[in-house]
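For clarity, every value in this text was computed on a predicted model and none was experimentally measured. Excluded from the calculations below are hydrogen atoms, water molecules and symmetry mates; all remaining heavy atoms, backbone and side chain alike, are included.
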Amino acid sequence: MDRWVVESVTPVRAFEGYSKQDELTRCALDFAALPDQILRNIVSRLPAADAARTAALATRWRGLWRAVPLVFVDAHLLPAESRADPLWRPGLEASLGLTNAASAALAAHPGPFRCVHLTCSYMDTNREEVARWMQLLAAKGVQELAFINRPWPLDIPLPATLFSCASLTRLHIGAWKFPDTAALPRDAAFPHLQELYLSLISMKDRDLAFLLDRCPVLEVLTIIASQTDVRMCVVSRSLRCLQLVATSLGDIAVAEAPRLERLILFGTLHRRIGGNKFSRIKIGNALNLRMLGYWELGQHELQIGKAIVQSMEAFTPTGKVNAKFWQEAGSVECVEQRIKKLAIHGFRGTKSELAFLKFIAERAQVLEKMVLILSPKCFPSVQVLKTKLNPLATAQWASADFKVILFKSSESEGGAVPFNPRIAADFSCDDPFDLVTVGANLNMGAVFLQYPKIN
């Protein structure tokens with residue numbers, strides 16, 4: 001036997017009565033040979049319910065669920081057919097089982113809690129249970145928490161015990177009324193919190209100031225659809241990204257934010273209270289600010305130092321701008337030497353639009369990308385697309401290397417700007433309004449056309 005080499009081993013069944021249960025047992029035994037660290041890694045990646053069930057596989061698995069940081073998402077307990085709609089939630093009676101299951105999981109696991117999502121219970125009818133959750137989360141070191149009051153009402157006070165969860169690094173709270181921060185304990189703080197998302201929150205100006213003061217390492221603050229006008233004076237030495245999305249704005253002052261890189265206003269609304277419909281965005285000490293947008297027409301005043309820039313009201317064009325207009329426009333330095341990217345939303349392929357694009361194409365010497373978000377009803381087929389864009393093929397492009405990128409918008413008019421707050425808060429993404437990046441994340445279809453083969 002010394003000269004023989006084992007090339008392969010084929011397992012042979014011991015008996016004919018082979019079943020699915022035997023296969024599961026064999027898999028469990030195979031996994032049992034793995035080191036404990038790998039087994040813990042496997043269990044930590046499973047939904048909480050499945051992770052707990054692994055205790056039935058074999059003796060070695062019984063303590064693993066309790067030995068790894070807990071990942072618990074209550075929505076994973078919903079019926080599979082219900083999970084297809086992320087907004088669906090069970091009725092009051094059906095939610096009681098979810099509430100009890102959440103309570104059992106949080107109580108049974110010794111911690112730490114790596115990630116917990118509580119979004120399916122009726123918080124108003126389970127206030128005692130919710131208060132107990134907060135105690136468990138604080139005691140067992142929760143790191144990431146999504147705590148959403150769904151379904152509504154919106155005026156339920158946020159449990160003050162949340163502020164004892166000092167281990168939090170990411171927090172998303174939604175559809176709550178902020179507690180009276182003046183009455184909170186003096187040591188209430190989030191010393192490790194780096195990302196904070198506030199959705200449909202009712203809060204006062206002093207509450208935002210309190211949060212900024214008690215979150216010394218906070219880097220991302222996102223406020224979405226606030227129930228009240230957002231007015232704030234930003235004083236934070238750690239904040240890098242501030243996003244105000246789909247909310248009404250009062251005055252925003254960036255007083256002391258030396259690390260702030262992004263100030264994003266998206267889908268904002270006129271203030272609800274006060275005579276001046278414009279919100280003033282005042283930039284003070286923000287030396288690292290690199291991105292400011294998306295600027296809504298007729299809503300904001302921008303103040304940098306003593307200079308004030310007021311955005312104009314949107315207006316309706318009084319006539320068409322043809323090719324002759326652009327031919328007579330002459331030299332425009334910023335077009336010729338500065339423009340690297342051009343994006344047009346709701347592109348219909350009209351003569352006026354094509355005349356403008358041709359003007360840009362023949363003058364923009366450093367152009368890298370021309371992005372067109374097509375209005376679907378104007379481009380019913382590929383042949384129509386080719387026909388309408390044919391004039392661009394005859395243009396004498398000033399840039400030697402660029403791409404024309406076409407997106408077919410899901411909106412009937414093609415004018416909606418795709419935006420995702422989580423992408424905007426990702427600092428590895430240089431431009432959250434770059435449709436190539438955002439479109440890929442939002443599953444938008446794109447066609448890339450490389451010069452000179454436009455048609």
Side-chain angles (χ1 to χ4, degrees), residues 73 75 83-89 115 117 119 144-148 150 169-175 193-201 218-227 230 239-249 252 259-269 281 289-297 299-300 341-347 369-376 403 405-448:
V73 179
R83 290 181 226 157
D85 181 3
L87 297 179
W88 184 87
R89 288 296 179 267
C115 178
H117 288 199
T119 67
E144 299 181 13
L145 174 64
F147 189 43
I148 314 296
R150 291 194 297 189
T169 59
R170 297 181 68 186
L171 175 62
H172 184 177
I173 54 178
L193 191 65
Q194 296 177 345
E195 295 185 30
L196 175 61
Y197 290 80
L198 306 173
S199 304
L200 282 165
I201 297 294
L218 185 68
E219 293 190 350
V220 177
L221 173 58
T222 301
I223 301 175
I224 303 174
S226 174
Q227 296 184 48
V230 174
L239 194 66
R240 297 176 62 193
C241 177
L242 172 60
Q243 300 184 90
L244 306 172
V245 181
T247 192
S248 56
L249 297 184
I252 308 295
R259 296 190 66 204
L260 186 67
E261 299 173 29
R262 301 179 179 185
L263 174 55
I264 297 177
L265 318 172
F266 190 83
T268 53
L269 309 171
I281 314 299
L289 188 62
R290 298 290 182 269
M291 187 177 299
L292 176 61
Y294 182 82
W295 212 249
E296 297 285 350
L297 292 176
Q299 285 194 17
H300 311 301
K341 185 190 308 179
L342 173 69
I344 295 183
H345 299 264
F347 182 74
K369 296 176 185 176
M370 180 181 287
V371 183
L372 307 178
I373 300 89
L374 309 179
S375 178
K403 293 178 181 178
I405 305 171
L406 311 177
F407 285 92
K408 188 174 182 179
S409 173
S410 58
E411 300 287 330
S412 60
E413 295 298 321
V417 180
F419 178 75
N420 186 314
R422 296 210 177 270
I423 296 175
D426 180 357
F427 296 103
S428 67
C429 175
D430 292 334
D431 183 1
F433 294 101
D434 181 355
L435 288 159
V436 178
T437 302
V438 179
N441 282 275
L442 299 181
N443 298 315
M444 293 174 62
V447 176
F448 291 73

Minimum heavy-atom distance between R262 and A424, given as atom pair plus value: NH1-O, 2.7 Å
- line: Taken to the nearest 0.5 Å, the spacing of C241 SG from L260 CG works out to 7.5 Å
- request: List in chain and number order the residues that pass side chain to side chain contact (heavy atoms under 4.5 Å, CB included) with I148, two or more places apart in sequence or in another chain; answer none if no residue qualifies.
  value: T119, R150, H172
message: Within this structure, what is the CD1-CG distance for the pair I223 and L200, rounded to the nearest 0.5 Å?
response: 12.0 Å
message: Testing the basics here: between L249 and T268, what is the closest heavy-atom pair and its distance to 0.1 Å?
response: CD1-CG2, 3.7 Å
task: Kindly indicate whether the side chain of E195, heavy atoms from C-beta on, has any atom under 4.5 Å from the side chain of E144.
output: no
- line: Taken to the nearest 0.5 Å, the spacing of L269 CG from S248 OG works out to 6.0 Å
- line: Output for pair (T247 OG1, I201 CD1), nearest 0.5 Å, gives 11.0 Å
- line: Minimal heavy-atom distance between I281 and H300, with the atoms involved, is CG1-CB, 4.4 Å
query: Minimum heavy-atom separation for Y197 to P421, with atom names?
result: OH-O, 4.3 Å
query: Do E261 and R290 meet the salt-bridge criterion of a basic N to acidic O distance under 4.0 Å?
result: no
field: Rounded distance [0.5 Å steps], CG in L242 versus CG in L292
entry: 10.5 Å
- request: Could you tell me the separation between the CG atom of L198 and the CG atom of L244, rounded to the nearest 0.5 Å?
  value: 10.5 Å
